Visitor: 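Here it is, the structure, as structure tokens.
Order of the sequence lines sets the chain letters (A, B, ...), proteins ahead of strands, with each chain counted from 1. All values reported here derive from a predicted model rather than from experimental measurement.
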Amino acid sequence: MNKAPPLTENRHEDGAAAQKPERVSVLFPMPLPKAYDYACDGDVPPLGSFVTAPFGPREVAGVVWPSKGEAPPLEKLKTLAGVFDAPPLSPDLIAFIDWAAAYTMFPKGALLRMVMRVSDALEGPRMQTAFIRTDASEGLRMTAQRKAVLAAAGASPRSASDLAAQVNVSEAVVRGLADAGALARVDIDPDPPFAQPDLDRQGPELSDDQQFAAETLAAIVEEGGHKAVLIDGVTGSGKTEVYFEAVAAALKKDPEAQALILLPEIALTLPFLTRVEERFGAAPAPWHSDLTGAQRRRSWRRVADGSARLVVGARSALFLPFQKLRLIVVDEEHDNAYKQEEGVIYHARDMAVARGSLGGFPVALASATPSLETVVNVDEGRYEAVGLSSRFADAAMPDIHLIDMREDAPEAGRWLSPGLVREIDKNLSAHEQSLLFLNRRGYAPLTLCRRCGHKMTAPGSDSMLVEHRFENRLICHHTGFSMPKPTACPACNAVDALTPCGPGIERVAEEAKERWPQARISVLSSDTAPGPRSMRDVLDAMKAGEIDILIATQVAAKGHHFPNLTLVGVVDADLGLAGGDLRAAERTYQLLSQVTGRAGRAEKPGRAFLQTYQPEAPVLAALASGDRDAFLAAEAIGRRDLGFPPYGRLAAVTLRSLDEQALDRTANALKVAAPYADGVEVLGPARAPIYRLRGVARMRLLVKARRNVSLQAYLADWLAAVKVPGPVRVTVDINPYSFL
DNA sequence: GTAAGATGACGG
DNA sequence: CGTCATCTTACG
């Protein structure tokens with residue numbers, strides 16, 4: 001931010017009499033819990049206005065916030081410095097920020113910062129110079145280069161760099177022509193508005209199920225007011241088409257309405273944006289962390305001025321300055337990527353529902369494997385539900401079989417059971433594609449010294465280093481630390497004693513290549529380096545049938561459709577169950593049902609095999625029988641008995657410090673200071689499962705409470721009573737998902 | 001978030 | 001006793 005524009009001087013016509021200064025509260029985008037008051041002698045900017053004000057020794061941009069009363073007397077206040085020429089934040093966004101700050105227990109200013117992160121968006125339309133052709137070209141010294149530029153220029157303004165690049169001359173030629181009068185300079189907005197969605201465009205033909213669901217949603221949109229609705233339908237049942245209809249209805253109902261579609265991952269957004277464009281004839285405004293500065297500013301400004309009517313974005317899009325948000329769709333609502341774990345910790349699905357509730361508009365949650373939270377909300381009548389039961393075009397769900405690894409064990413050092421190998425053999429001879437799924441990047445998750453038993457960990461960390469054989473490096477998946485794989489054990493100096501333990505996808509790929517040397521085998525994971533092919537290329541090759549066996553991590557589970565894929569083998573179905581956090585089984589169900597759902601379609605039924613050492617585990621039995629609702633019901637009973645969410649409340653209080661003694665002392669002091677309250681239990685402190693990361697040690701206390709007690713109030717009382725020494729950092733995570 | 005004042009650690 | 005680093009506090 002450079003300089004604020006001067007305070008707008010919109011006095012009344014009689015103007016002469018100076019108005020009595022008034023009080024204005026301003027919230028700054030910094031981790032501050034409250035707004036600060038200022039005097040204002042001009043017109044009082046309305047709530048939500050972007051302003052600048054002296055704050056300490058400097059001038060800072062902030063937002064006019066609802067006043068809280070008690071404050072210094074008016075005479076003592078500093079004066080507002082300026083008002084930005086930008087549309088004010090809407091009252092429902094202000095209410096949402098206040099609510100979200102109270103809920104997450106982060107300072108209001110920290111939440112406002114998420115809204116204002118687009119650094120230069122407030123500068124307003126900083127015009128860009130562009131050029132158009134004029135008629136005044138007589139008497140001009142003409143050169144070949146000038147001629148080419150004039151030919152390229154027309155009535156619509158284009159930038160110097162754009163024109164120059166087209167005819168391959170320097171920008172000086174363009175500027176020279178402008179100075180000579182043959183081109184005229186015009187100012188254009190560097191952030192062009194987004195094309196308006198065409199709401200009358202005919203959507204695709206809907207099945208009966210889809211039609212019914214779409215009409216139900218449209219009716220909810222028509223009715224207005226807040227309601228949360230689950231769109232519950234298996235993969236391929238056409239949830240997207242259904243909520244597109246809801247979007248169309250919301251935007252049609254009010255010509256100023258805006259809608260937001262939230263997606264869990266950036267990777268999903270690119271093909272998705274195309275789908276939106278096909279449906280609405282215009283690409284939506286995108287919002288995710290990979291946008292460039294200019295794209296970010298454009299989306300932000302056009303959302304703020306209300307002209308971007310449809311936004312597709314990742315979780316942080318929830319904090320865009322919508323003028324008139326009327327509908328939010330949360331696609332894949334169960335996805336854990338909605339949980340923000342850094343900075344302000346929040347769950348975008350829950351925040352979306354709160355935003356809708358405060359703004360008085362509906363929120364649709366879509367999933368094939370809805371979260372237990374959402375299912376319970378439906379069961380208890382807080383959310384509505386529309387179901388899409390039949391798979392689109394009657395495609396069958398794959399047959400799912402369990403392979404008991406205790407009975408059908410692979411040879412030592414191998415990971416594929418004889419049963420799974422036979423199935424892949426069959427698929428290869430039928431010229432159909434197979435997917436081997438293992439949610440573990442790299443070659444081996446653990447490297448052990450055979451001589452002394454030393455485990456390779458990152459310096460200052462307790463997390464295991466994962467061998468990546470393509471790069472011949474050991475990598476820490478938590479911090480990104482990496483080192484070349486040493487030849488000698490760093491503990492006992494034994495040479496060639498470091499042994500890879502357990503499989504990652506690279507190791508499974510190695511086994512597959514040995515077993516099926518004639519097959520076309522590719523590896524797909526989120527790692528950028530290995531192999532000459534990018535993720536995109538591998539996905540395209542898979543779709544085109546140029547791969548026989550794809551060995552992939554989680555990235556293959558999401559949103560891709562492979563027409564000739566008929567077999568999915570899950571190498572380690574038990575992987576996500578270890579560690580036993582409260583959502584482990586649920587997550588496993590969601591992930592594995594999504595992966596196995598990749599196999600087969602109408603004309604080619606698919607099958608899936610899950611390798612497991614615990615076939616009797618309820619999750620795996622439920623996957624095999626396809627009985628999602630029975631599984632959820634059993635999970636629900638388990639959670640209720642233990643008083644866990646959604647039947648109880650949970651918060652994690654995490655302490656971090658380089659100084660382990662201070663950490664220990666503080667954790668114990670906190671525990672001792674925990675006030676007694678009926679229905680509240682404080683567990684811990686316990687070391688985090690990965691105790692040290694980058695030298696920082698972490699301990700955690702968990703607060704478990706009955707649903708009817710306010711966790712936030714309890715935590716506020718508690719934490720206010722304990723003096724935490726400087727080097728120890730405390731963060732609160734309401735309703736934690738990650739227990740690392 | 002940031003800058004100023006307060007407190008403490010080491011060096012002349 | 002002075003200077004520099006680091007912690008604490010306040011910002012209207």
Visitor: So is A:R298 actually on top of A:F194's ring, under 6.0 Å and inside 45° of the axis?
Guide: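 Yes; both conditions hold, so A:R298 lies above the ring face of A:F194.
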Visitor: Kindly write out the residues that satisfy salt bridge (charged side-chain N to carboxylate O under 4.0 Å, His left out) with A:R698, not counting sequence neighbours, or none if the list is empty.
Guide: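 For A:R698, no residue satisfies salt bridge (charged side-chain N to carboxylate O under 4.0 Å, His left out) once neighbours in sequence are set aside.
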Visitor: Can you tell me if A:T479 and A:R694 form a side-chain donor-acceptor pair at under 3.5 Å?
Guide: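 The answer is no; no qualifying pair exists.
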Visitor: Considering only heavy atoms of chain A and a distance under 4.0 Å, specify the first and last nucleotide of DNA chain B in 5' to 3' order that meet this criterion.
Guide: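 Range of nucleotides within reach of chain A: B:dG1 to B:dA3.
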Visitor: Find every protein N or O atom lying less than 3.5 Å from an N or O atom of nucleotides 9-12 of chain C, and list the pairs.
Guide:
residue	atom	partner	partner atom	Å
C:dC11	O3'	A:G56	N	3.2
C:dG12	OP1	A:G56	N	3.4
C:dG12	OP1	A:K78	NZ	2.4
C:dG12	O3'	A:D37	O	2.6
C:dG12	O3'	A:K78	N	3.1
C:dG12	O6	A:K34	NZ	3.3
C:dG12	N3	A:D37	N	3.3

Visitor: State which residues pass salt bridge (charged side-chain N to carboxylate O under 4.0 Å, His left out) with A:R706; sequence neighbours excluded, sorted by chain then number.
Guide: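 If we apply the salt bridge (charged side-chain N to carboxylate O under 4.0 Å, His left out) test to A:R706, skipping adjacent residues, the hits are A:D678.
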Visitor: Would you list the atom pairs, donor with acceptor, under 3.5 Å between side chains in residues 711-730 of chain A and any protein atom, with sequence neighbours excluded?
Guide:
residue	atom	partner	partner atom	Å
A:Q712	NE2	A:Y103	O	2.8
A:Y714	OH	A:P675	O	2.6
A:W718	NE1	A:L670	O	2.9

Visitor: How long is the straight-line distance from CG of A:L111 back to CH2 of A:W99, given to the nearest 0.5 Å?
Guide: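 Here the interatomic distance stands at 10.0 Å.
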Visitor: Sequence neighbours excluded, which residues qualify as salt bridge (charged side-chain N to carboxylate O under 4.0 Å, His left out) partners of A:R692?
Guide: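 Counting only residues at least two positions away or on another chain, A:R692 forms a salt bridge (charged side-chain N to carboxylate O under 4.0 Å, His left out) with A:D462.
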